[in-house]
Colleague: 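Right, I'll just put the structure down here and ask away after.
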There are 2 protein chains.
Amino acid sequence: MIRIVIAEDQHMLRGAFASLLQLEEDFEIISQVSGGHEALSMIEACKPDICLLDIEMPGLTGLEVAQTVRDRGWNCKIMIVTTFARPGYLQKAMNAAVDAYLLKDEPIEFLVEAIRRVMQGKRVVSPYLADSLFTHEANPLTEREQEVLRMVSEGGTTRHIAEHLYLTTGTVRNYLSSAIQKLEVETRHHAIEKARDRGWI
Amino acid sequence: MIRIVIAEDQHMLRGAFASLLQLEEDFEIISQVSGGHEALSMIEACKPDICLLDIEMPGLTGLEVAQTVRDRGWNCKIMIVTTFARPGYLQKAMNAAVDAYLLKDEPIEFLVEAIRRVMQGKRVVSPYLADSLFTHEANPLTEREQEVLRMVSEGGTTRHIAEHLYLTTGTVRNYLSSAIQKLEVETRHHAIEKARDRGWI
DNA sequence: CCTTGGGCATGACAGGTGTCATACTATGCT
DNA sequence: AGCATAGTATGACACCTGTCATGCCCAAGG
């Protein structure tokens, strides 16, 4: 019997997964949760064979849950199931040594098959993403550029950041300008988006 | 037999819906599609009793499909199934006289039950949204403010808009400033977001 | 040793953005 | 008619944003 925990915040999809997987004779859904913290509790309490994790959930993200499970050395297969094909997410998932990274755009049969493969000790990645596993571009941003970009993305104003880093506002703008050019975009906001997407901040 | 077409771009969810609804003895899934245009073709060709529509899909949105079905006077129940609780979307759906507006955050059983209710001629709206059906705030934006906001949202620069409307750039900025204040936000971009959300542009 | 290149830091500059005071018009109320 | 209100339109102002030229420092290589 393969014992499974499902963590997914969209209720309808979570329920659908549970019902469908339950139909497989050797699958047992032992718990369904809607957030990262509950997922961790359940994994600790129930020791499932497999945990399906969405990435964007309230509380902890699926990637954070995966990392924590690995850090604590728990013996549970981790499968990320997400909408997002972002290289940055995939990279983080790989760093956390997840057993599968599937897109919700795959057919549902793919999920069932992937679960069986993972139980055989194999790793599964959505075919669509297989390429980007190899083509990880290096981060072109310097330490300072990343720092400033991060702070802007957290809502800091130019002035606020300058004070916090003991710089003039002109210098902060300069880092942003530099980052904007390296990322080949027009505004700081687009720069943040792109850097996030690639996992560079 | 209730004949159903499903239009939903996320493959896994679409497949899950199909499999689960198929389990009901009196439901028949006659077609699954992933975009608005295909949905319209299928509705025309197969004359289903019910069509489940996602809103954000490639090609036509679910709301546009709903409106078209009504305009052409086709006799098909329309059920919107979406992630988004935006008042603007709900409003447009109501204007198109859809038979149901459900959030993907509802339990899956809710969908099955809703389908039966709709077949009995009832209308179904997610409980969470029931309130906002009555509390539709009036649009505080003037004609000009809406126009300028729309043009900015389509990527027009201040200068471009000014030329197009035969105004000075100062005047255009003034409308934006006014809209920004009415919407109680900080930037034109947030103003666009909020106005979109409420269906005011 | 000197040169080169890259990161760090600054301030000047041009242009964009939001606010404000102001003015004109039309509408509706007294 | 007199008045208040709301929409339209303008330009002045202060501030923000992105770019650029410049200089400093340090490490790698000739």
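Below, read A as the first sequence line, B as the second, and so on, with proteins coming before strands; counting in each chain starts at 1. A quick note: this is a predicted structure, and the numbers were derived from the prediction, not measured.
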Colleague: Do A:Thr158 and A:Arg188 get their side chains close enough for a donor-acceptor pair, meaning under 3.5 Å?
Modeller: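 Result is yes, a qualifying pair exists.
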Colleague: Measure all distances between protein nitrogen or oxygen atoms and nitrogen or oxygen atoms of nucleotides 15-18 of chain C, and list the pairs falling under 3.5 Å.
Modeller:
from	atom 1	to	atom 2	distance (Å)
C:dT17	OP2	B:Thr158	OG1	3.0
C:dG18	OP1	B:Arg188	N	3.1
C:dG18	OP2	B:Arg188	NE	2.6
C:dG18	OP2	B:Arg188	NH2	2.8
C:dG18	N7	B:Arg173	NE	2.9
C:dG18	O6	B:Arg173	NE	3.3
C:dG18	O6	B:Arg173	NH2	2.7

Colleague: Pairing donors with acceptors under 3.5 angstrom, does anything connect the side chains of B:Arg173 and B:Ser178?
Modeller: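 No, no side-chain donor-acceptor pair sits under 3.5 Å.
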Colleague: Return the nearest nucleotide to the side chain of A:Leu167; candidates are D:dA9, C:dT10, D:dT8.
Modeller: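 That would be C:dT10.
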Colleague: Using a strict 4.0 Å threshold on nitrogen-to-oxygen distance, state whether B:Arg150 and B:Glu147 make a salt bridge.
Modeller: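 Salt bridge flag = no for B:Glu147 with B:Arg150.
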Colleague: Rounded to whole Å, how long is the line connecting atom CD of A:Glu143 with atom P of C:dC8?
Modeller: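 My rounded result for the distance is 8 Å.
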Colleague: For A:Tyr89, run the side chain to side chain contact (heavy atoms under 4.5 Å, CB included) check against A:Leu63, A:Leu129, A:Asp197, A:Ile80 and tell me which one passes.
Modeller: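 In the set A:Leu63, A:Leu129, A:Asp197, A:Ile80, the residue that makes a side chain to side chain contact (heavy atoms under 4.5 Å, CB included) with A:Tyr89 is A:Leu63.
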Colleague: Touch check for A:Thr171, heavy atoms < 4.0 angstrom, all strands: base, sugar-phosphate only, or nothing?
Modeller: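 A:Thr171: base contact, heavy atoms under 4.0 Å.
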Colleague: For the CG atom on B:Asn75, are there more than 12 heavy atoms of other groups (residues, nucleotides or ligands in this structure) within a distance under 6.0 Å?
Modeller: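 No, not enclosed.
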Colleague: Contact class for A:Thr142 (heavy atom, under 4.0 Å): base, sugar-phosphate, or nothing?
Modeller: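 The answer is sugar-phosphate, as A:Thr142 gets under 4.0 Å only of primed atoms, P, OP1 or OP2.
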Colleague: For B:Lys182 and D:dT8, what is the distance between atoms NZ and C1' respectively, to the nearest whole Å?
Modeller: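 Value for this atom pair: 11 Å.
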Colleague: Can you tell me how far the NE2 atom of A:His189 sits from the NE2 atom of B:His189, to the nearest 0.5 Å?
Modeller: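 It is 6.5 Å, given to the nearest 0.5 Å.
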Colleague: To the nearest Å, how far apart are A:Leu149 CG and D:dG18 P?
Modeller: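 From A:Leu149 CG to D:dG18 P: 11 Å.
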Colleague: Side-chain donor or acceptor of A:Asn174 under 3.5 Å from a matching atom on the base of D:dC20?
Modeller: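 Yes, the side chain and the base share a sub-3.5 Å donor-acceptor pair.
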Colleague: Counting only side-chain nitrogens and oxygens, does B:Arg144 get under 4.0 Å of the OP1 or OP2 atom of D:dA9?
Modeller: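 Checking B:Arg144 against D:dA9: at least one side-chain N or O falls below 4.0 Å of OP1 or OP2.
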Colleague: Rounded to whole angstroms, how far apart are CG on B:Leu165 and P on D:dT8?
Modeller: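 Between P of D:dT8 and CG of B:Leu165: 12 Å.
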